Structure formats: C-alpha cells, structure tokens
Participant: 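Please see the structure below; I have some questions.
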Amino acid sequence: MGKFLKPGRLVVMLAGRQAGKKAILIKANEETTKDCKFPNGLVVGIQRYPRKVTKRMGQKQIRKRTTLKVFIKQLNLNHIMPTRYRLEESTLKEVRDRIERVKESELKNVEKRKDLRKNLRKYLAEKYRTLPAGSLADKKAQSRFLFSKLRF
C-alpha cells in the first residue's frame with residue numbers, strides 16, 4: 001500500500017487537547033528512532049478558529065475576529081486522521097520554511113517555540129484574509145477547509 005501521509009495533507013487530530021482540531025502535516029517519520037518508539041509526525045494546526053465576519057463590521061473588528069491561535073506538535077501518526085484535502089504547494093513551502101529556520105533541538109525551547117507560533121499565526125491569518133471565493137472542489141479554495149471549524 002502506498003504512503004498517503006505525505007507533507008501538506010490536512011489531518012484531523014484524534015487524541016489529546018487538540019482532538020477534533022484540523023492541522024497540516026509537515027513531516028511524517030514512519031520509522032521508529034531511539035527518541036521515538038513509534039511512527040511520528042510534526043503538525044501545525046489551528047487551536048482557535050477565525051470567527052464569522054459581516055459587511056457591517058469595521059476594519060478593526062474584522063482584524064480582531066480573523067485572528068487565530070496556532071499549535072505545533074510532534075505526535076504519534078495513529079492519533080491523526082488524514083482528510084482528502086491537501087494544502088497548496090506555495091503555502092506548504094512557506095510554512096515549512098518558517099519551521100526549518102528553527103532547528104529540531106530548538107523546538108523544545110519555550111521561547112523559540114513561542115516565536116515560531118507567533119510567526120505562523122501571522123502568516124496563516126493573512127492567508128485566511130486573502131482566501132479566494134469558491135467551492136472546495138477548486139484546488140485554490142481547498143485551504144478554506146483548514147480554516148473552518150469542524151462540526152460534529
């Protein structure tokens with residue numbers, strides 16, 4: 001069977017604090033290592049989704065309602081469920097570049113992790129504000145799925 005957990009796949013978290021939240025799979029490591037005794041992956045997800053915006057709202061209120069909260073997590077691949085959606089290559093490359101500026105060992109540092117989260121939050125919020133209108137069948141609009149809250 002082929003690998004379907006490739007970087008850029010949008011996944012749904014199944015366990016832990018972020019259960020039910022959507023995330024982007026950045027790295028998938030299917031082999032076990034000395035550090036991790038299970039297949040693991042690095043994900044960047046949205047912890048707090050943007051809220052609804054109407055025409056009557058001013059720019060300040062729109063900016064406040066379209067902010068989001070981001071999380072970065074290394075987790076077991078059994079704890080995520082892949083979806084049919086993939087992130088477009090340009091967005092994935094930008095997110096991956098921002099993460100790779102910080103080394104793997106520095107991800108354990110609280111300050112570096114906090115700066116990375118802030119950086120990713122700004123980028124994803126701007127990406128959300130400039131989303132094209134269209135259905136989810138359109139490849140460009142598939143990232144809209146990431147920014148909508150999962151209803152269940």
Side-chain angles (χ1 to χ4, degrees), residues 2-30 39-54 57 59-152:
K3 287 173 46 172
F4 55 90
L5 284 174
K6 294 179 181 172
R9 176 73 58 191
L10 296 180
V11 297
V12 177
M13 309 289 286
L14 298 177
R17 177 189 291 183
Q18 291 358 334
K21 306 291 185 194
K22 296 176 188 173
I24 308 163
L25 185 65
I26 303 298
K27 281 185 197 171
N29 190 9
E30 304 229 351
N40 56 19
L42 180 68
V43 295
V44 172
I46 298 180
Q47 191 170 352
R48 188 181 324 128
Y49 293 95
R51 293 163 65 196
K52 188 177 177 184
V53 175
T54 62
M57 294 179 186
Q59 286 297 322
K60 186 177 178 185
Q61 192 172 12
I62 288 174
R63 186 158 292 295
K64 190 172 183 180
R65 290 179 73 91
T66 56
T67 57
L68 37 93
K69 191 173 180 182
V70 175
F71 67 87
I72 305 159
K73 202 165 179 73
Q74 184 89 22
L75 70 148
N76 192 332
L77 290 181
N78 291 333
H79 297 162
I80 59 175
M81 180 177 68
T83 63
R84 63 182 175 173
Y85 301 107
R86 286 184 59 85
L87 205 59
E88 58 189 44
E89 281 301 315
S90 60
T91 307
L92 176 64
K93 185 177 182 316
E94 185 66 34
V95 170
R96 189 181 290 151
D97 288 345
R98 289 171 190 258
I99 289 175
E100 287 176 355
R101 286 184 203 147
V102 179
K103 296 182 183 88
E104 291 269 341
S105 60
E106 291 178 347
L107 275 177
K108 302 212 185 300
N109 185 352
V110 176
E111 290 302 316
K112 294 275 186 182
R113 202 174 173 95
K114 193 173 183 179
D115 290 342
L116 179 60
R117 266 200 320 261
K118 186 184 289 185
N119 193 347
L120 287 170
R121 183 183 70 211
K122 284 180 185 175
Y123 175 72
L124 289 176
E126 195 54 44
K127 195 73 180 165
Y128 172 72
R129 290 183 189 114
T130 59
L131 267 179
S135 68
L136 288 175
D138 182 22
K139 290 283 183 194
K140 293 273 187 198
Q142 281 195 2
S143 56
R144 181 187 325 270
F145 175 78
L146 174 67
F147 297 110
S148 62
K149 192 173 184 178
L150 188 65
R151 302 286 180 184
F152 61 94

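Both backbone and side-chain heavy atoms feed into the values below; hydrogens, waters and symmetry mates do not. This structure is a prediction, so every number in the text was calculated from the model and none was measured. Numbers here simply count residues along the sequence, with the first being 1.
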Participant: Strictly distance-based, threshold 3.5 Å: is any side-chain N or O of Arg86 a donor or acceptor partner for the main-chain N or O of Pro7?
Facilitator: yes

Participant: Taking the side chain as every heavy atom from C-beta outward, state whether Tyr85 and Leu146 have any pair of such atoms under 4.5 Å apart.
Facilitator: no

Participant: Hey, is Glu126 close enough to Arg129 for a salt bridge, meaning N to O under 4.0 Å?
Facilitator: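 Salt bridge between Glu126 and Arg129, a charged N being under 4.0 Å from a carboxylate O: yes.
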
Participant: Would you give the length of the straight line joining atom CG of Asn40 to atom CG of Asn78, rounded to the nearest 0.5 angstrom?
Facilitator: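 Separation between the atoms: 11.0 Å.
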
Participant: Ignoring hydrogens, what is the shortest heavy-atom contact between Ile46 and Phe71? Give both atom names and the distance.
Facilitator: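 Between these two residues, the closest heavy atoms are N-CE2, 3.7 Å.
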
Participant: Distance check, rounded to the nearest 0.5 Å: Leu68 atom CG versus Arg51 atom CZ?
Facilitator: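 Going from CG on Leu68 over to CZ on Arg51, the span is 12.5 Å.
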
Participant: If you compare all heavy atoms of Val53 against all heavy atoms of Met57, which two are closest, and at what distance to 0.1 Å?
Facilitator: CA-SD, 4.0 Å

Participant: Got a list of side-chain donor-acceptor pairs under 3.5 Å for residues 10-26, not counting sequence neighbours?
Facilitator:
unit_1: Lys21; atom_1: NZ; unit_2: Gln47; atom_2: O; d: 3.3
unit_1: Lys22; atom_1: NZ; unit_2: Phe145; atom_2: O; d: 2.8
unit_1: Lys22; atom_1: NZ; unit_2: Ser148; atom_2: O; d: 2.7
unit_1: Lys22; atom_1: NZ; unit_2: Ser148; atom_2: OG; d: 3.1

Participant: How long is the span from the CD1 atom in Ile72 to the CG atom in Leu116, to the nearest 0.5 Å?
Facilitator: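 The CG atom of Leu116 is 3.5 Å from CD1 of Ile72, to the nearest 0.5 Å.
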
Participant: Are any non-hydrogen side-chain atoms of Arg121 and Lys118 less than 4.5 angstrom apart?
Facilitator: yes

Participant: Kindly compute the distance separating CZ (Arg9) from CD1 (Ile80), expressed to the nearest 0.5 Å.
Facilitator: 10.5 Å

Participant: Would you give the length of the straight line joining atom CG of Leu120 to atom CG of Asp115, rounded to the nearest 0.5 angstrom?
Facilitator: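 CG of Asp115 is found 11.0 Å from CG of Leu120.
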
Participant: Any idea which heavy atoms bring Ala28 and Leu5 closest together, and the distance?
Facilitator: CB-O, 3.4 Å

Participant: For Arg101 and Asp97, run salt bridge (charged side-chain N to carboxylate O under 4.0 Å, His left out): C-alpha distance rounded to whole Å, both residues' side-chain angles, the deciding distance at 0.1 Å, then the answer.
Facilitator: CA-CA 6 Å; Arg101 286 184 203 147; Asp97 288 345; 6.0 Å; no

Participant: How about NZ on Lys127, more than 12 heavy atoms from neighbouring residues, nucleotides or ligands closer than 6.0 Å, or not?
Facilitator: yes

Participant: Got a second to check how far Arg117's CZ is from Lys114's NZ, nearest 0.5 Å?
Facilitator: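 Reported to 0.5 Å precision, the distance equals 7.5 Å.
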
Participant: Take atom CZ in Arg65; do more than 12 heavy atoms of anything else shown fall under 6.0 Å from it?
Facilitator: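 More than 12 heavy atoms, drawn from other residues, nucleotides or ligands, come within 6.0 Å of this atom.
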
Participant: Can you see which heavy atom on Asn76 is nearest to which on Pro39, and at what distance?
Facilitator: OD1-O, 3.3 Å

